[in-house]
Amino acid sequence: TVERPDLAAGTQTLDLGAQVRDTLDLLAPECHKRGVTVALDAPDTPVAITAEPVALQQIAHNLVLNALQAMEQVPADDRIWCQPDLKTLP
């Protein structure tokens, strides 16, 4: 049995865009080292979510770092830019 602590006590209302910006700021040197430019297209108004701040930052950090590691396998000239149209998502 794997038990996890009750994280509900540590949850807060957070601005998702601000949390992602903070993560990207922390990873900026790593992105620069790998020759990767990250563009965040976030709304000007806060996107409120309820989450545990440290856990959310770890998740965002891992997602970005995984993406950086995956891009190491693709030469810079072969990379493409893609952007979802968030207005069409359900």
Side-chain angles (χ1 to χ4, degrees):
T1 301
V2 177
E3 294 182 285
R4 49 183 270 201
D6 179 19
L7 295 178
T11 61
Q12 300 175 21
T13 300
L14 304 168
D15 175 12
L16 180 59
Q19 295 294 311
V20 172
R21 272 189 288 281
D22 289 348
T23 299
L24 293 175
D25 287 345
L26 288 172
L27 286 171
E30 188 66 28
C31 292
H32 180 73
K33 182 175 98 175
R34 295 172 189 245
V36 172
T37 301
V38 178
L40 176 61
D41 184 13
D44 294 332
T45 57
V47 177
I49 62 167
T50 302
E52 198 282 318
V54 174
L56 180 60
Q57 189 174 39
Q58 288 174 338
I59 291 166
H61 182 275
N62 288 341
L63 287 171
V64 174
L65 198 55
N66 288 347
L68 289 172
Q69 291 169 347
M71 284 192 300
E72 284 180 337
Q73 309 303 316
V74 179
D77 291 341
D78 293 343
R79 297 177 191 165
I80 61 169
W81 168 268
C82 63
Q83 178 178 3
D85 182 359
L86 299 178
K87 294 177 184 147
T88 63
L89 295 177

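Index from 1, following the sequence.
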Next on the checklist: Once rounded to the nearest 0.5 Å, what's the spacing between atom CD of Glu52 and atom CD1 of Ile59?
Outcome noted: 9.0 Å
Checklist entry - Going only through I, L, V, M, F, W and Y residues with side-chain contacts under 4.5 Å, is there a path from Val36 to Leu65? => result yes
Checklist entry - Got a second to check how far Leu68's CG is from Lys33's NZ, nearest 0.5 Å? => result 10.0 Å
Checklist entry - Is Asp15 reaching over with its side chain to a backbone N or O of Ala48, donor-acceptor style, under 3.5 angstrom? => result no
Checklist entry - If two hydrophobic side chains count as joined below 4.5 Å and joins carry through other members, does Val64 share a cluster with Leu40? => result yes
Next on the checklist: Once rounded to the nearest 0.5 Å, what's the spacing between atom CG of Asp25 and atom CG of Asp22?
Outcome noted: 6.0 Å
Checklist entry - What about Leu14 and Val47, same hydrophobic cluster or not, with Ile/Leu/Val/Met/Phe/Trp/Tyr joined at side-chain heavy-atom distances under 4.5 Å? => result yes
Item to check | Within one Ile-Leu-Val-Met-Phe-Trp-Tyr cluster: Met71 and Val38, side-chain cutoff 4.5 Å | outcome: yes
Checklist entry - What is the distance from atom CG of Leu27 to atom NE2 of His32, rounded to the nearest 0.5 Å? => result 14.5 Å
Checklist entry - How about Leu56 and Ile49: do any of their side-chain heavy atoms sit closer than 4.5 Å? => result yes
Checklist entry - Gln57 and Leu26: side-chain contact (heavy atoms from CB on, under 4.5 Å), yes or no, with the steps? => result CA-CA 10 Å; Gln57 189 174 39; Leu26 288 172; 3.1 Å; yes
Checklist entry - What is the minimum heavy-atom distance between Pro53 and Gly10, and which atoms define it? => result CD-O, 3.6 Å
Checklist entry - Hey, what do you get for CD (Glu30) to NE2 (His61), rounding to the nearest 0.5 Å? => result 8.0 Å
